[in-house]
There are 2 protein chains.
Amino acid sequence: MPERKPRKDAARNREAVLVAADALFARHASPEDVTMADIAAAAGVGKGTLFRAFGDRPGLLRALYEARLEPVRAAAEAGPPPLGPTTAPRQRVPALLDAVLCFKLDNRRLALALEESGSGSPYQAEHYERWHTLLRAALEQIPGLADTGFTAHALLAATRADLVEHLAGQERVPRERLRAQLAHFTAGVLGLDPPQEATAQD
Amino acid sequence: MPERKPRKDAARNREAVLVAADALFARHASPEDVTMADIAAAAGVGKGTLFRAFGDRPGLLRALYEARLEPVRAAAEAGPPPLGPTTAPRQRVPALLDAVLCFKLDNRRLALALEESGSGSPYQAEHYERWHTLLRAALEQIPGLADTGFTAHALLAATRADLVEHLAGQERVPRERLRAQLAHFTAGVLGLDPPQEATAQD
DNA sequence: GTCAAAGCGGACCCTGGGTCCGGATTCTAC
DNA sequence: GTAGAATCCGGACCCAGGGTCCGCTTTGAC
């Protein structure tokens, strides 16, 4: 499985497409008025190239999303506290959720685009499963918690891209307020005393 | 605004379309391979008729969904306990969520189709707002609960159609188990003693 | 029975994702 | 350096499916 590396122009074009797509999604309010042809044009590349590199629209979105997510994921899977695995579960669960929320806040349009690209159930996506597994494992270490699988799903559901978009976008809930609300909610689920006061997480 | 009632043939056709669509969505695993043309054909009606009656695809889906939802909604807004407004909040919140979950379980394909129809944010849909308002009002009556608006969203997020589809469909979690898990989760959020033992709801 | 309004339906249009293939590039072997 | 093959490029092309249009039919009020 030498998996010979791609040609130089292929790599360059792939990068150009990612950059262009990123910019386009950031610029347009709704993902569905960024067309594959638009992306190709913006990247100065033919449509064929774009489909060759990413397979299809969901594929492109996924690639973009995962590239952006990578550092966060790495921090969560092997980084230092409060995200990394050495953190005590009661601190780590809220930290993980906060990280996911922040990521979605920083990449609202992209996350939305991915969800709306109709790439089958989001629950089969690799990145979702990773978060779920991580979260579930942390939950399992907290005594007295049952149904950790479902609980992990339910907690993650509170960070769904369209909900975030609705709250942050339409309702104009400020970022820090949203984070606090999620933290509060999470604490409730874990049965901890909720962080009522301004828990300095700015 | 006499809003004169529609002609008889119009009413009949509208009904035929709803029935046909319902049957088609039930029969097909994925909503997206039920085409508008399919529905028209199955209803024995022209495409024009179908679009005249419902405007567009999301419109049709919404009409179907709301027709199905109507009785549940009525029960929740003005019915007897445990769903109706006379119920004590601590009982009513779980009851509302259970009702929503059951509805989605009974109408999985339809709910999925609606979500996937790309009719803008689901959070602006009338039916969603109704549930949210109801739930929030109930939550507000429980002392010591903050962020009721967010909490209502987060709880409802746990009943999202695609999550339900994933759990009930792919993972084959049995209906009663799912209901129990949601009930348990809800209890946790409310800070109640969770219904640990087999709370006979099978 | 008559007439206008409402509705019907299927041919048609158009957008946008996805394919194809002749020609240009890059890489490898000599 | 160069020949040849493998890979890639790109834009013309295809097609499914949502949505429109308009001449004809049905309905119902008088």
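Sequence lines set the chain letters: A, B, ... in the order given, protein chains first and strands last, and positions in each chain run from 1.
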Can you tell me how the ring of A:H166 sits relative to the ring of B:H153, calling it parallel under 30°, perpendicular over 60° and tilted otherwise?
perpendicular
For A:E129, all residues meeting side chain to side chain contact (heavy atoms under 4.5 Å, CB included), sequence neighbours excluded
none
In chain order, what residues pass the side chain to side chain contact (heavy atoms under 4.5 Å, CB included) check against A:R90, with sequence neighbours excluded?
A:I142, A:P143, A:L192
Taken in chain and number order and not counting sequence neighbours, the residues that satisfy side chain to side chain contact (heavy atoms under 4.5 Å, CB included) with A:P85 are A:R92
Can you list the residues that meet the ring pair (Phe, Tyr, Trp, His ring centres under 6.0 Å) rule with A:F150, with sequence neighbours excluded?
none
Is there side-chain contact between A:L156 and A:Y128, with at least one heavy-atom pair below 4.5 Å?
yes
Tell me, please, which residues at least two apart from B:R68 pass side chain to side chain donor-acceptor pair (under 3.5 Å).
B:D22, B:N107
Would you say B:N13 reaches C:dC8's phosphate, i.e. side-chain N/O to OP1/OP2 under 4.0 Å?
yes
Can you tabulate the close N/O pairs, meaning under 3.5 Å, that link protein atoms to atoms of nucleotides 27-30 of chain D?
from, atom 1, to, atom 2, distance (Å)
D:dG28, OP1, B:K8, N, 3.3

So, using side chain to side chain contact (heavy atoms under 4.5 Å, CB included) as the criterion, who are the partners of A:H28 when residues are at least two apart?
A:L24, A:D33, A:V34
Mind listing the residues from residues 14-27 of chain A sitting with a heavy atom below 4.0 Å of DNA chain C? Number order is fine.
none
Contacts table for residues 40-56 of chain B: side-chain donor-acceptor under 3.5 angstrom, sequence neighbours left out:
from, atom 1, to, atom 2, distance (Å)
B:D56, OD1, B:G59, N, 2.9

Under 4.0 Å protein heavy-atom contacts per nucleotide of nucleotides 15-24 of chain D, with B for base, S for backbone only and - for none
--SBBBB---
What side-chain donor-acceptor pairs closer than 3.5 Å can you find for residues 71-81 of chain A, not counting sequence neighbours?
from, atom 1, to, atom 2, distance (Å)
A:R73, NH2, A:E70, OE1, 3.3
A:R73, NH2, A:E70, OE2, 3.4
A:E77, OE2, A:R130, NE, 3.0

End axis versus end axis in the helix from C:dG1-D:dC30 to C:dC30-D:dG1, the angle rounded to 10°, five pairs used at each terminus
20°
